[in-house]
A.B. asks: 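Structure provided below as structure tokens; questions to follow.
Positions are given from 1, in the same order as the sequence printed here.
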Amino acid sequence: MDESIRELTTKQAVEFLNHTVAKHTLENLRYTGGGPRFRKRGVKREGRKKDTRRVVYPIDDLTRWATENKLQYRTEAA
């Protein structure tokens with residue numbers, strides 16, 4: 001993995017976790033709790049029903065969460 005990349009999208013996070021967790025599962029864990037820490041990037045636009053900000057997962061938090069939950073993740077470039 002490129003050392004300069006510090007955050008991953010949900011799709012990239014699934015790949016980083018070697019598909020041991022589905023995209024849908026990560027999305028659900030954002031709402032129910034218990035998943036890896038995430039951040040929303042972008043500007044929240046007033047008056048819109050849907051939040052259009054981008055969800056990203058810091059790699060350090062993904063790694064920590066995967067280790068705590070005994071999941072396999074990528075340690076080298078794909």
Side-chain angles (χ1 to χ4, degrees):
M1 179 136 315
D2 184 351
E3 300 262 337
S4 65
I5 297 175
R6 302 242 185 253
E7 297 176 327
L8 302 174
T9 64
T10 304
K11 182 179 177 182
Q12 291 169 325
V14 169
E15 292 172 8
F16 179 78
L17 296 170
N18 291 320
H19 298 271
T20 56
V21 176
K23 181 178 182 265
H24 179 76
T25 302
L26 283 178
E27 292 167 346
N28 282 339
L29 289 171
R30 287 200 301 262
Y31 296 102
T32 61
R37 291 176 58 177
F38 67 93
R39 296 184 180 124
K40 290 189 175 183
R41 295 283 185 223
V43 178
K44 185 171 184 175
R45 304 195 187 260
E46 294 298 322
R48 291 203 178 178
K49 291 181 180 179
K50 186 175 180 182
D51 189 349
T52 57
R53 294 177 292 174
R54 197 169 56 118
V55 171
V56 293
Y57 295 89
I59 289 179
D60 292 342
D61 291 331
L62 266 177
T63 302
R64 186 177 307 109
W65 181 79
T67 301
E68 289 171 357
N69 289 282
K70 297 177 176 58
L71 301 175
Q72 293 182 355
Y73 57 92
R74 293 185 181 188
T75 55
E76 71 281 336

A.B. asks: Hey, is CZ on Arg54 packed in by over 12 heavy atoms from elsewhere, all under 6.0 Å?
C.D. replies: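 For Arg54, atom CZ is not crowded (no more than 12 foreign heavy atoms under 6.0 Å).
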A.B. asks: Under 3.5 Å, side chain of Asp51 to main-chain N/O of Arg53, donor-acceptor pair present?
C.D. replies: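 The answer is yes, because a donor-acceptor pair under 3.5 Å joins these two groups.
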A.B. asks: Please lay out, stage by stage, how Glu68 and Arg64 fare under the test salt bridge (charged side-chain N to carboxylate O under 4.0 Å, His left out).
C.D. replies: CA-CA 6 Å; Glu68 289 171 357; Arg64 186 177 307 109; 5.3 Å; no
A.B. asks: Honestly curious: do Val21 and Tyr73 fall in one hydrophobic cluster under the side-chain, below-4.5 Å linking rule?
C.D. replies: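 Yes; Tyr73 is reachable from Val21 via cluster members.
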A.B. asks: So Phe38 and Asp61, do their side chains get closer than 4.5 Å, heavy atoms only?
C.D. replies: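 Asp61 vs Phe38: side chains apart.
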A.B. asks: Please report the interatomic distance CG(Leu62) to CD(Glu7), rounded to the nearest 0.5 Å.
C.D. replies: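 Answer for the CG-CD pair, Leu62 versus Glu7, is 10.5 Å.
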A.B. asks: Taking the side chain from Arg45 and the backbone from Thr52, do they hold a donor-acceptor pair closer than 3.5 Å?
C.D. replies: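 Not at all, since once roles are kept as given, no pair shorter than 3.5 Å links the two residues.
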A.B. asks: Considering the options Arg30, His24, Lys23, which one meets the side chain to side chain donor-acceptor pair (under 3.5 Å) requirement together with Thr10?
C.D. replies: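 Of the listed options, the one satisfying the test is Arg30.
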A.B. asks: Determine the minimum heavy-atom distance between Leu8 and Ala13, stating which atoms define it.
C.D. replies: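 Taking Leu8 first and Ala13 second, the nearest heavy atoms are CB-N, 4.0 Å.
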A.B. asks: Hey, any chance Leu26 and Val55 share a hydrophobic cluster, counting ILVMFWY side chains that come within less than 4.5 Å of each other, even indirectly?
C.D. replies: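 Hydrophobic grouping puts Leu26 with Val55.
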A.B. asks: For atom CD of Glu27, is the number of surrounding heavy atoms from other residues, nucleotides or ligands below 6.0 Å larger than 12?
C.D. replies: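 Correct, the count exceeds 12.
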A.B. asks: When you look at Leu29 and Trp65, which way does the side chain to side chain contact (heavy atoms under 4.5 Å, CB included) test go after all the steps?
C.D. replies: CA-CA 12 Å; Leu29 289 171; Trp65 181 79; 3.9 Å; yes
A.B. asks: If every non-hydrogen atom of Ala22 is compared with every non-hydrogen atom of Val14, which pair is closest and at what distance?
C.D. replies: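 Result for this residue pair: C-CG2, 4.0 Å.
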